[in-house]
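In what follows, a single structure is set out as structure tokens and then discussed.
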Amino acid sequence: MSGTAALAAGDRLAAYDFGPAHPFQAGRLDAGLSLLRAAKVLDDGDLLAFGPAADADLELVHDRDYLEALARFAAPGAEAADPVGAAGFGLVGDNRPFPGMDAAARLVAGATVAAVDAVAAGDRTHVFAPVAGLHHAQRRRAVGFCLVNDVAVAIARASRTWPLRVLYVDLDAHHGDGVQAAFYDDPRVCTVSLHETGRYLFPGTGEVHELGRPPGTGRSVNVPLEPRTGDEGFLAAFDAVVEPLAAAFRPDLLVTQNGCDGHAGDPLSDLTLSLRGYRDLARRLHRLAHRHCGGRWVATGGGGYDLERVVPRAWALLWSELSGRRLPTRVPAAWLAGLAARPASPGPGWWMEPRRRRREEGRDGPAAREVEERNRRTVRTVRRLALPPSVRVVYPLAAQGGTTQRLPGWEPRAGRYQAPRGPLVLRDRCPASLLRRLEVDPGIHTFVRAAEQEREVLARIAEEPASEVVVAHTPEGVVVGYVAVLEPEPGTRFASLPGLLEVGAVEVATGWRRGGVASALLRFAVEPDPFADRILVASGLAWHWDLDQSGLSAVAYRVVLARVFEAAGFEVLQTDEPEIAYHPANLFVARVGGRVPPAQRAAFTSRLVRGHHPMP
Ligand SMILES: [Zn+2]
Ligand SMILES: [Zn+2]
């Protein structure tokens, strides 16, 4: 499934070098490229031409006076003359200036920008920029070995110049804080970072509640993982969050930071991943690029500081995946022999570590189970915050483990609604087979780009035994609105309450809004008698409900949403669920059916506020 691939790298990038005693040094490039050449998976025609990034691009992310400071302190002796001035820009300690650093940093950014341009223009399908992904650099501050944020610069260019919607996936062991900050309020760039929790690791940020700022709320996603997470836990978190996020966000371009410093052999972190894990992650990213981004994928090398046994192999595995070039069975012996001259061990002759059994990994003890349980909780919270409920149903957690309640039966109904634009048919109990036959209005696009995909999402929700899709369609059979009623995801606050269902989506196509369709549909959807036995809830999270395309202010939007639900018998309730309190447009509504027993109602009410029950 590969198109043409390129590598954005060249010997000139060796200039980005903090010195031999520093983890980020020129040897990284040489170690990586020499292995690709020895393995005969890199030809000169694979190399992408690039020059230093232009001021106009760098200034999309950095302040001009910071860029000027980089140039000033790149001169020999400048830092010694003004150490306080240098420290003011973060050029101190691990980021101590080195001669020529501004030119070197501009070149790194130039490689990433060229990679994005080549992919955006369709010249190449995938590009890997190994010496790139300097994800910590801030607008006017060098941070964590990162002088300029090449990856943020390239994303900004992709988003403004081309213009493309960008999904940024950061796999580095450290939180991708600089990239997140650059797009924190940007609804057209979605950043997701999986990293070792900031409780123990630099830079200390990347908590689940860092979700972005209006109008980009919900577009910053963080999955902080425990030390000793390992391949299995990391891949599970990736699967539970990244793929559905891509489906919901509908990006045009995938940009990734493939830092391999989460490897067990890396001196800087404790995630205990293996090369096999990185190979599996590369496969998933590749699949995701083709499924959701028309193949467009720019990968950057990011961190990784074991230059003998880890970084070159991780790069080779990634390049092999992205270019479709097959690696030889064994790591070339001549290359290993070259490393053997160095003090560190060159590592085994196989590309990846042998597959280990769980028991050998010591992953069955109580400590390992604790790690798994904490990660599982984190992943559930992230899904609830970042994914619309309908997308969660289509992309369920691998191990559901919940008690699936079947919806009670009733005869399918049809109703009518006269919208200002024309007559509509309202229909419930829609089977997947019917949904797959109907057309979907292209104005329905909150979560998924193509009407074709939207139809598939609806059909798959309808296939769930505890889900119900209610549609409004024109007499010609074009769906212009729908309501999805779903079972809450296991592990969430109300999930274990019997008889509780969630209204996961109320959507009306853009051309049919403001005509009362949403209200009419919701009223129709909750009418059947069996719902009198149920509690229906809905979380009105702004970013789940298309606020950014509604043209409304957060407060006005909340009022509209509340009105739609209240007209269908729902009540706006107070709750301390953190995701509700997070944004002024968010609200929590419930409709307790007339036949719900008092004890069940009381159990529900007690869960609205934390403290009455053990939190999931
Ligand atoms: Zn491909
Ligand atoms: Zn890192």
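Keep in mind that this is a model prediction, so the values were computed, not measured.
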Of all the heavy-atom pairs spanning [X] and [Y], show the shortest one and how long it is.
X: E502; Y: S539; result: OE2-OG, 4.4 Å
X: A182; Y: A152; result: CB-CB, 4.0 Å
X: G422; Y: W512; result: O-CZ3, 3.9 Å
X: V469; Y: A462; result: CG2-N, 3.8 Å
X: A240; Y: P244; result: O-CG, 3.3 Å
X: S467; Y: I461; result: CB-O, 3.1 Å

Check ion pair R284-E243 (N to O, under 4.0 angstrom):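 Salt bridge between R284 and E243, a charged N being under 4.0 Å from a carboxylate O: no.
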
Carboxylate-amine/guanidinium contact E372 R376, below 4.0 Å: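 Yes.
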
Does the side chain of [X] reach to within under 4.5 Å of the side chain of [Y], using non-hydrogen atoms?
X: D170; Y: T191; value: no
X: V503; Y: F565; value: yes
X: Q180; Y: S220; value: yes
X: L407; Y: P530; value: no
X: R157; Y: D117; value: yes
X: L167; Y: L288; value: yes
X: L608; Y: F588; value: yes
X: E207; Y: T197; value: yes

Verdict with supporting geometry, L235 and L281, side-chain contact (heavy atoms from CB on, under 4.5 Å): CA-CA 7 Å; L235 289 163; L281 286 163; 3.7 Å; yes

side-chain contact (heavy atoms from CB on, under 4.5 Å) between V208 and N222, worked out: CA-CA 5 Å; V208 293; N222 287 287; 5.6 Å; no

Does [X] reach the main-chain N or O of [Y] with its side chain, forming a donor-acceptor pair under 3.5 Å?
X: H62; Y: Q138; answer: yes
X: R455; Y: V440; answer: no
X: Q257; Y: G133; answer: yes
X: R558; Y: N586; answer: yes
X: R513; Y: V508; answer: yes
X: Q600; Y: P498; answer: yes
X: R413; Y: D428; answer: no
X: N375; Y: L225; answer: no
X: Y482; Y: V470; answer: no
X: R374; Y: E226; answer: no

With rounding to the nearest 0.5 angstrom, report the [atom1] to [atom2] distance, [X] to [Y].
X: L522; Y: F570; atom1: CG; atom2: CZ; value: 5.0 Å
X: R383; Y: T381; atom1: CZ; atom2: OG1; value: 11.5 Å
X: S193; Y: E210; atom1: OG; atom2: CD; value: 9.5 Å
X: L253; Y: R296; atom1: CG; atom2: CZ; value: 7.0 Å
X: D177; Y: T205; atom1: CG; atom2: OG1; value: 4.5 Å
X: L521; Y: L424; atom1: CG; atom2: CG; value: 8.0 Å

Geometric cation-pi criterion R165 and F249, 6.0 Å radius, 45° cone: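 Yes, a cation-pi geometry holds between R165 and F249.
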
Cation-pi geometry met for R219 and Y168 (6.0 Å, 45°):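 The answer is no, since R219 fails at least one limit relative to Y168.
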
Salt bridge (charged side-chain N to carboxylate O under 4.0 Å, His left out) partners of residues 586-606, not counting sequence neighbours, each pair once: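 As it turns out, the salt bridge (charged side-chain N to carboxylate O under 4.0 Å, His left out) pairs with a partner in residues 586-606, which skip direct neighbours, are D529-R595, D533-R595.
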
side-chain contact (heavy atoms from CB on, under 4.5 Å) between F604 and V596, worked out: CA-CA 11 Å; F604 167 68; V596 170; over 6 Å; no

Test side-chain contact (heavy atoms from CB on, under 4.5 Å) applied to V391 and V457, step by step: CA-CA 8 Å; V391 172; V457 167; 5.7 Å; no

Residue R436 excluded, over 12 heavy atoms near CZ under 6.0 Å: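 Atom CZ in R436 is packed in, count exceeds 12.
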
E439 atom CD, neighbour heavy-atom count above 12 within 6.0 Å: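 12 or below, so no.
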
Ring pair (Phe, Tyr, Trp, His ring centres under 6.0 Å) against W162, all qualifying residues, sequence neighbours excluded: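 Counting only residues at least two positions away or on another chain, W162 forms no ring pair (Phe, Tyr, Trp, His ring centres under 6.0 Å).
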
Distance-only donor-acceptor check, side chains H195 and D172, under 3.5 Å: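 Note: H195 and D172 side chains miss the donor-acceptor criterion.
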
Geometric class of the H290/H126 ring pair [parallel <30°, tilted 30-60°, perpendicular >60°]: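 Taking H290 first and then H126, their aromatic rings stand perpendicular (interplane angle over 60°).
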
Identified side chain to side chain contact (heavy atoms under 4.5 Å, CB included) partner of F234 from the options V223, L194, D239: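 So, applying the side chain to side chain contact (heavy atoms under 4.5 Å, CB included) to F234 and each of V223, L194, D239, only L194 qualifies.
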
Ring centroid separation H174 to H135 under 6.0 Å: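 Centroid separation for H174 and H135: 6.0 Å or greater.
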
